Visitor: 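I'd like to ask you about the structure that follows.
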Amino acid sequence: MPETAKFVDPRRWKALIFIALAQLMVVLDATIVNIALPSAQADLGISDGNRQWVITAYALAFGGLLLFGGRIADLWGRKQTFIVGLIGFAAASAVGGAALNTGMLLGARALQGVFGALLAPSALSLLAVMFTDPKERAKAFGVFGAIAGGGGAVGLILGGVLTEYMDWRWTFFVNIPFAIIAAIGAVAVIREPVESHNSSRLDIPGVILATTGLVSLVYGFTRAESDGWSAGPTIGLFVAAAVLLLAFVVVESRVKAPLLPLRVIADRNRGGVYASLALAIIGMFGLFLFLTYYMQIVKGYSPVKTGFAFLPMVAGMITGSTQIGARLMTRVPARLLMGPGFLVASVGMLLLTQIDLDTSYPALILPGFLLLGLGMGTAFMPAMSLATHGVEPRDAGVASAMVNTSQQVGGAIGTALLNTIAASATTEYVKSHAAGAPSRTALQLQSMVHGYTAAIWWAVGILVLAAVIAITFINAGQPEGGGAVAGSGDGAAEDAVPVMAH
């Protein structure tokens with residue numbers, strides 16, 4: 001076994017605390033701003049047309065630069081990239097919190113995305129190279145998976161509390177102490193094997209093609225939501241994304257030191273993880289959005305009450321990730337956790353298709369949230385670890401970036417796709433029920449709920465598809481004697497990092 005594989009950092013568990021804190025900050029930021037957006041819009045006079053850019057500016061920069069950030073982590077070193085990402089994210093958050101106008105806020109959000117693209121893959125790849133024992137790796141990724149899965153809902157809670165009791169600006173300022181603590185901790189306790197660095201030159205054509213292709217894809221789905229799927233700009237962006245990403249694949253297959261070595265995604269296990277995870281996130285992002293509006297507008301919940309209503313789902317995710325996924329991951333094949341996990345989550349989603357104007361939270365929404373959280377937590381846990389299964393240490397950063405890329409692109413697709421489905425269903429309901437409606441307000445609320453349930457039905461199907469892909473494509477085996485298992489990956493690279501037992 002190579003020397004890298006034998007590297008055991010005695011401070012790895014302390015390091016996990018600061019890595020997890022940084023991951024929590026990034027995941028929180030994906031949802032915390034959503035609840036604060038109405039207040040920020042009113043305060044800064046942001047137009048309805050520009051409002052979406054507060055979310056989109058972050059998504060475009062983050063999603064478009066993730067592969068670049070992952071390769072920078074491999075080249076610079078993950079600890080250094082991690083610290084730079086933390087400091088930059090904190091600075092961008094300070095600018096956002098102090099924003100005086102629309103341009104300043106949008107610029108800050110884009111900068112958050114840039115530094116988030118450095119931070120997220122370096123955090124995950126640090127775990128990949130620091131935790132080499134299968135059982136320890138399972139526990140570490142259990143914590144990381146729970147945060148990745150539940151952090152979005154925690155963001156809704158924190159966003160509600162800060163917006164309601166303090167000021168929308170604190171949804172930005174709150175990142176600063178997170179980042180400072182994580183950066184100080186990283187300097188003090190994080191250490192990585194020097195042998196895991198990648199000394200190859202940066203693939204500039206790959207960076208340009210990947211970034212522009214992913215930005216075109218994410219922006220295309222954003223335009224689809226606002227302009228429609230058949231609009232000229234929407235179609236043009238999708239065509240551009242297809243051409244650029246195809247060119248990226250061609251370039252990567254020919255250059256000596258590719259940005260994304262095709263061996264990273266060609267492995268059926270990692271490919272299955274990326275695809276199923278992206279599909280699951282499509283369903284999850286739509287649910288967060290619809291249920292937030294449902295509880296605030298239809299049920300009349302305050303922002304804080306809405307945030308706390310998501311807590312059972314967070315608890316389910318943490319339980320599924322740390323108590324089910326982490327405990328069984330070294331005993332059963334990953335597909336027998338991911339597939340059933342996504343199916344359990346789809347049952348929870350199925351319950352939520354039954355929401356109505358007078359739906360009881362304890363009777364229907366609560367059990368739906370619990371099942372959804374348990375299922376997603378159980379599935380996310382092995383997915384996070386399997387994403388770096390069998391990769392060479394020098395590719396750990398870019399393999400980790402692919403996890404974040406699949407999540408970010410999945411989130412953008414989910415928001416646009418399910419919003420479009422909900423809007424169409426709402427419009428059709430209004431047309432067909434306008435004559436017999438008791439009042440305009442009742443019609444608006446009922447049509448809104450109808451739109452949400454129509455979109456959630458689609459989310460159910462998407463989660464079932466994620467389960468099918470996980471069961472079909474992922475074939476990493478069960479451990480034998482507690483050791484690392486040989487996977488179906490990169491040949492000799494299989495032994496470069498002792499992979500977790502699946």
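The structure displayed is predicted, hence computed values, not measured ones. Computed from heavy atoms alone, side chains included, the values below leave out hydrogens, waters and symmetry copies. Starting from 1, each residue takes its place in the sequence as its number.
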Visitor: Atom CZ in Phe310, atom CG in Leu372: separation rounded to 0.5 Å?
Guide: 10.0 Å
Visitor: Would you check if Val189 and Phe18 make a side-chain contact, meaning some heavy-atom pair closer than 4.5 Å?
Guide: yes
Visitor: Sub-3.5 Å donor-acceptor pair from the side chain of Thr171 to the main-chain atoms of Trp168, do we have one?
Guide: yes
Visitor: Around Phe173, counting heavy atoms of other residues, nucleotides and ligands shown, do more than 12 lie under 6.0 Å from its CZ?
Guide: yes
Visitor: Trp229 and Phe238: side chain to side chain contact (heavy atoms under 4.5 Å, CB included), yes or no, with the steps?
Guide: CA-CA 10 Å; Trp229 296 95; Phe238 284 137; 3.8 Å; yes
Visitor: For Gln112 and Asn175: C-alpha separation, side-chain torsions, deciding distance, then whether side chain to side chain contact (heavy atoms under 4.5 Å, CB included) applies.
Guide: CA-CA 10 Å; Gln112 280 185 312; Asn175 291 327; 3.4 Å; yes
Visitor: Which pair of non-hydrogen atoms, one from Thr81 and one from Ala73, has the smallest distance, and what is that distance?
Guide: OG1-CA, 3.3 Å
Visitor: Over all heavy atoms of both residues, which pair between Pro382 and Ala334 is shortest? Give the atoms and the distance, please.
Guide: CB-CB, 4.3 Å
Visitor: Hey, what's the ring geometry for Phe62 with Tyr58, parallel, tilted or perpendicular (30° and 60° as the breaks)?
Guide: parallel
Visitor: Report the distance from atom CZ of Phe68 to atom CG of Leu260, rounding to the nearest 0.5 Å.
Guide: 14.5 Å
Visitor: Using only atom types and a distance under 3.5 Å, with no angle test, would you say the side chain of Asn101 pairs donor to acceptor with the backbone of Leu44?
Guide: no
Visitor: Going from CD on Gln80 to CD1 on Ile72, what distance comes out if it is rounded to the nearest 0.5 angstrom?
Guide: 10.0 Å
Visitor: Less than 4.5 Å apart, any side-chain heavy atom of Leu66 and any of Leu214?
Guide: no
Visitor: Under 3.5 Å, is there a donor-acceptor pair between the side chain of Lys79 and the main chain of Ile190?
Guide: yes
Visitor: Minimum heavy-atom separation for Ala379 to Met338, with atom names?
Guide: O-CG, 3.6 Å
Visitor: Picking from Leu277, Ile282, Ile281, what satisfies side-chain contact (heavy atoms from CB on, under 4.5 Å) with Leu279?
Guide: Ile282
Visitor: What is the minimum heavy-atom distance between Arg169 and Ala99, and which atoms define it?
Guide: NH1-O, 2.8 Å
Visitor: Does the side chain of Ser216 come within less than 4.5 Å of Leu244's, by heavy atoms?
Guide: yes
Visitor: To the nearest 0.5 Å, how far apart are CG in Leu127 and CD1 in Ile19?
Guide: 4.5 Å
Visitor: With rounding to the nearest 0.5 Å, note down the distance linking CZ in Phe248 to CG in Leu209.
Guide: 7.5 Å
Visitor: Under 4.5 Å between any side-chain heavy atoms of Arg270 and Val264, yes or no?
Guide: yes
Visitor: Hey, is the main chain of Ile208 close enough, under 3.5 Å, to the side chain of Thr211 for a donor-acceptor pair?
Guide: no
Visitor: Side chain of Arg71, backbone of Leu259: donor and acceptor closer than 3.5 Å?
Guide: yes
Visitor: Quick check: closest heavy atoms across Ala57 and Arg109, and the distance to 0.1 Å?
Guide: CB-CB, 4.3 Å
Visitor: Quick check: closest heavy atoms across Pro261 and Pro258, and the distance to 0.1 Å?
Guide: CA-CG, 3.7 Å
Visitor: How are the rings of Phe342 and Phe380 set relative to one another: parallel (under 30°), tilted (30 to 60°) or perpendicular (over 60°)?
Guide: perpendicular
Visitor: For Ile324, enumerate each residue passing the side-chain contact (heavy atoms from CB on, under 4.5 Å) test, keeping only those at least two apart in sequence or located in another chain.
Guide: Leu328, Leu374, Thr378
Visitor: Go through the steps for Leu463 and Met376 under the test side chain to side chain contact (heavy atoms under 4.5 Å, CB included), then give the verdict.
Guide: CA-CA 10 Å; Leu463 281 175; Met376 284 297 200; 3.4 Å; yes
Visitor: Which residues satisfy the side-chain contact (heavy atoms from CB on, under 4.5 Å) test with Ala231, sequence neighbours excluded?
Guide: Asp227, Pro233, Thr234
Visitor: Is the backbone N or O of Ile469 less than 3.5 Å from a side-chain atom of Thr472, with the two atoms forming a donor-acceptor pair by type?
Guide: no
Visitor: For atom CH2 of Trp458, decide whether the heavy atoms of other residues, nucleotides or ligands shown that lie under 6.0 angstrom number more than 12.
Guide: no
Visitor: To the nearest 0.5 Å, how far apart are CD1 in Ile181 and CE in Met25?
Guide: 11.0 Å
Visitor: Is the distance between the ring centroids of Tyr219 and Trp53 under 6.0 Å?
Guide: yes
Visitor: Under 6.0 Å between ring centres, would you say that holds for Trp13 and Phe131?
Guide: yes
Visitor: Let me see the working for Phe172 and Leu105 under side chain to side chain contact (heavy atoms under 4.5 Å, CB included), right down to the final yes or no.
Guide: CA-CA 10 Å; Phe172 288 90; Leu105 181 62; 3.5 Å; yes
Visitor: Any donor-acceptor pair under 3.5 Å linking the side chain of Gln41 with the backbone of Ile46?
Guide: yes
Visitor: Donor-acceptor check, side chain of Arg335 to backbone of Ala470, threshold 3.5 angstrom: yes or no?
Guide: no
